[in-house]
Novice: 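Once you've had a glance at the structure underneath, I'll fire off some questions.
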Protein chains: 2
Amino acid sequence: MRDRRAERREATKAEILDAAWELVRAEGLATLSLRDLARKVGMQAPSLYSYFESKHAIYDAMFLQGNLELLRRYEALPEFDDPVDEFRSNARLFVGFTVEDPARAQLMFMRSIPGFEPSAETYGVAVRIVERGRERFKKLGVTKPEHFDLWTGIVSGLAFQQIANEPDTERWTRLADEAVDMFLGHINTKRGRAK
Amino acid sequence: MRDRRAERREATKAEILDAAWELVRAEGLATLSLRDLARKVGMQAPSLYSYFESKHAIYDAMFLQGNLELLRRYEALPEFDDPVDEFRSNARLFVGFTVEDPARAQLMFMRSIPGFEPSAETYGVAVRIVERGRERFKKLGVTKPEHFDLWTGIVSGLAFQQIANEPDTERWTRLADEAVDMFLGHINTKRGRAK
DNA sequence: GTCTATATCCAGATAGAC
DNA sequence: GTCTATCTGGATATAGAC
């Protein structure tokens with residue numbers, strides 16, 4: 001039998017998290033306060049403690065949501081005949097994900113909230129995303145771990161430059177395809193020479 | 001005639017800023033408080049207002065110091081016979097600067113302090129650094145502005161991945177030289193094709 | 001589960017004596 | 001220029017009534 005009470009509770013938790021996302025998008029990640037958050041969902045601040053045991057627990061749940069969403073998008077990527085298309089869509093996916101919500105990226109990819117560390121369970125999802133990427137790249141012929149790190153450096157670099165310097169333009173994000181060509185040209189050259 | 005009083009005052013300001021750097025390096029950029037800072041230099045918190053008109057003014061002075069230091073290092077780079085060496089030393093310089101003091105990089109390159117915007121004068125130094133880099137690259141044959149942006153994306157990407165994920169290793173920083181080769185290979189290929 | 005009331009603590013900033 | 005004292009306001013979190 002359905003547990004209607006538990007369902008209601010989960011719905012409220014989701015509602016709180018939705019409101020939290022709205023606030024951090026509008027006011028910045030570090031500015032989130034329980035007062036504002038409670039008011040936004042029509043509660044008093046202490047009532048939030050019925051749903052989350054601390055403010056960090058809220059950040060943790062947001063961190064988890066963000067990573068689940070990113071994982072979902074990676075897994076939803078279609079199959080491509082040309083591997084180049086997979087690299088490109090991969091890069092575009094990450095850059096787009098970062099730029100569409102800089103506050104979320106700040107939470108997920110930078111260490112900017114004093115004292116906040118994701119819980120082990122939550123962090124596990126982030127690890128799975130990286131593992132998945134690494135394996136996918138192996139299948140596409142990128143076997144050296146250094147090359148995968150180089151890739152993450154390039155792609156995140158474009159994304160972070162964009163949100164840090166010109167969040168409203170596409171100055172760096174539009175370079176994603178060219179960066180992919182550059183990366184593939186590089187590892188293919190090295191492969192060619194090695195043979 | 002020397003203004004001994006002004007000199008003393010500047011020395012004290014410098015002492016306060018040194019203490020502030022120590023605190024942010026140890027406790028994190030966002031955690032800096034005027035109480036702690038004052039105690040560290042043997043004052044009470046209100047006394048700091050004799051030297052800086054607000055906490056943001058302290059961040060601003062730090063932002064300026066960081067940028068002046070970075071500019072100084074760029075200008076101190078030796079001349080190289082081989083342009084490749086200049087690109088490499090350039091990349092190593094930025095990556096090293098970022099990794100040696102992540103809190104400083106956070107202040108200078110990310111927007112992580114709520115409400116803090118550098119003053120116009122201070123921001124000007126940051127702009128000069130970028131302008132200088134762009135001009136230098138032009139002289140080295142990197143004429144397309146997109147390629148300069150691609151460069152900053154790559155180099156900062158390696159540096160930021162390093163400090164965000166494994167501040168105590170060299171997993172990404174050691175890839176700097178390879179990234180330079182990749183970048184140069186790419187723009188040379190494009191040049192070759194264009195001819 | 002939600003509220004009011006409150007505890008506790010901390011922050012940045014100001015007033016005014018010395 | 002530095003201090004004490006204080007203002008003002010914010011935060012997270014808890015106790016206990018309903």
Side-chain angles (χ1 to χ4, degrees), chain A residues 2-20 22-24 26-63 103 107 112-119, chain B residues 2-20 22-24 26-63 103 107 112-119:
Chain A
R2 276 169 55 195
D3 185 342
R4 304 187 72 90
R5 186 166 289 167
E7 283 172 15
R8 182 83 199 95
R9 188 181 153 80
E10 287 311 305
T12 305
K13 286 183 77 164
E15 194 189 334
I16 291 168
L17 292 177
D18 286 348
E22 272 190 62
L23 283 173
V24 299
E27 312 286 342
L29 184 66
T31 312
L32 180 67
S33 81
L34 297 184
R35 282 201 203 332
D36 292 349
L37 177 54
R39 187 155 40 88
K40 192 155 179 105
V41 295
M43 292 180 182
Q44 295 298 321
S47 303
L48 294 174
Y49 286 85
S50 302
Y51 300 96
F52 297 95
E53 66 182 6
S54 71
K55 186 185 185 182
H56 275 17
I58 294 175
Y59 279 132
D60 196 61
M62 295 170 79
F63 187 98
L107 173 65
S112 75
I113 296 175
F116 169 66
E117 293 288 329
S119 64
Chain B
R2 276 169 56 195
D3 185 342
R4 302 187 73 90
R5 185 165 289 167
E7 283 174 15
R8 184 83 199 95
R9 188 181 153 79
E10 287 310 305
T12 304
K13 286 183 79 165
E15 194 188 334
I16 291 169
L17 292 177
D18 286 347
E22 271 191 62
L23 283 173
V24 299
E27 312 287 342
L29 184 65
T31 312
L32 180 66
S33 81
L34 298 184
R35 279 170 165 52
D36 292 348
L37 177 54
R39 187 154 40 89
K40 191 157 179 103
V41 295
M43 292 180 181
Q44 295 297 320
S47 303
L48 295 175
Y49 286 86
S50 302
Y51 300 95
F52 297 95
E53 66 182 6
S54 71
K55 187 184 185 182
H56 276 16
I58 294 175
Y59 280 131
D60 195 62
M62 296 170 78
F63 187 98
L107 173 64
S112 76
I113 296 176
F116 169 66
E117 293 287 329
S119 65

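So you know, we letter chains A, B, ... as the sequences are listed, proteins then strands, and number each from 1. Since the structure is predicted, the reported quantities are computational estimates derived from the model, not experimental observations.
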Novice: Could you check whether the rings of A:H56 and A:F116 sit parallel, tilted or perpendicular, using 30° and 60° as the cut-offs?
Specialist: perpendicular
Novice: Identify whether any heavy atom of A:G42 sits under 4.0 Å from a base atom; if not, whether one sits that close to sugar-phosphate; answer base, sugar-phosphate or nothing.
Specialist: sugar-phosphate
Novice: Taking the nucleotide of DNA chain D with the nearest heavy atom to each, does B:R5 or A:E53 sit closer to the 5' end?
Specialist: B:R5
Novice: Considering only C:dA13, C:dA11, D:dA13, which nucleotide approaches the side chain of B:S54 most closely?
Specialist: C:dA13
Novice: Which nucleotide wins on minimum distance to the side chain of A:Q44, given the candidates C:dG1, D:dT2, C:dT4?
Specialist: C:dT4
Novice: Quick check for you: among D:dT4, C:dT2, D:dG1, whose closest atom lies nearest to any side-chain atom of A:S47?
Specialist: C:dT2
Novice: Please check if the side chain of A:Y59 supplies one atom and the backbone of A:L29 the other of a donor-acceptor pair under 3.5 Å.
Specialist: yes
Novice: To the nearest Å, how far apart are A:L34 CG and C:dT2 P?
Specialist: 15 Å
Novice: Can a side chain N or O of B:Y51 be found less than 4.0 Å away from OP1 or OP2 on D:dT2?
Specialist: yes
Novice: Distance check needed: C:dT4 P versus A:M43 CE, whole Å only.
Specialist: 13 Å
Novice: Figure out the NZ/P separation between A:K55 and D:dA13, and round it to whole Å.
Specialist: 8 Å
Novice: Just how far, in rounded Å, is C1' of D:dT12 from CZ of A:F116?
Specialist: 16 Å
Novice: Assign B:S33 to base, sugar-phosphate, or nothing according to its heavy-atom contacts below 4.0 angstrom with the strands shown.
Specialist: sugar-phosphate
Novice: On a heavy-atom basis, which atom in A:L34 and which in A:L48 lie closest, and how many Å separate them?
Specialist: O-CD1, 3.5 Å
Novice: For B:R39 and D:dC3, what is the distance between atoms CZ and P respectively, to the nearest whole Å?
Specialist: 14 Å
Novice: Would you check if the side chain of A:S47 reaches a backbone N or O of A:M43 as a donor-acceptor pair within less than 3.5 Å?
Specialist: no
Novice: Just the rounded figure in Å: distance from C1' of C:dG12 to OH of B:Y59.
Specialist: 12 Å
Novice: Between A:K55 (side chain) and A:L32 (backbone), is there a donor-acceptor pair under 3.5 Å?
Specialist: yes
Novice: Hey, what are the protein-to-nucleotides 5-9 of chain C N/O distances that come in under 3.5 Å?
Specialist:
none

Novice: Nearest whole Å is fine: how far is D:dT2 C1' from B:L37 CG?
Specialist: 15 Å
Novice: Measure CD1/A:I16 against C1'/C:dT2 and give the value in whole Å, please.
Specialist: 12 Å
Novice: With side chains defined as the heavy atoms from C-beta onward, is the minimum distance between A:I58 and A:L37 less than 4.5 Å?
Specialist: yes
Novice: With a 4.5 Å limit on heavy-atom distance, are the side chains of B:F52 and B:L17 in contact?
Specialist: yes
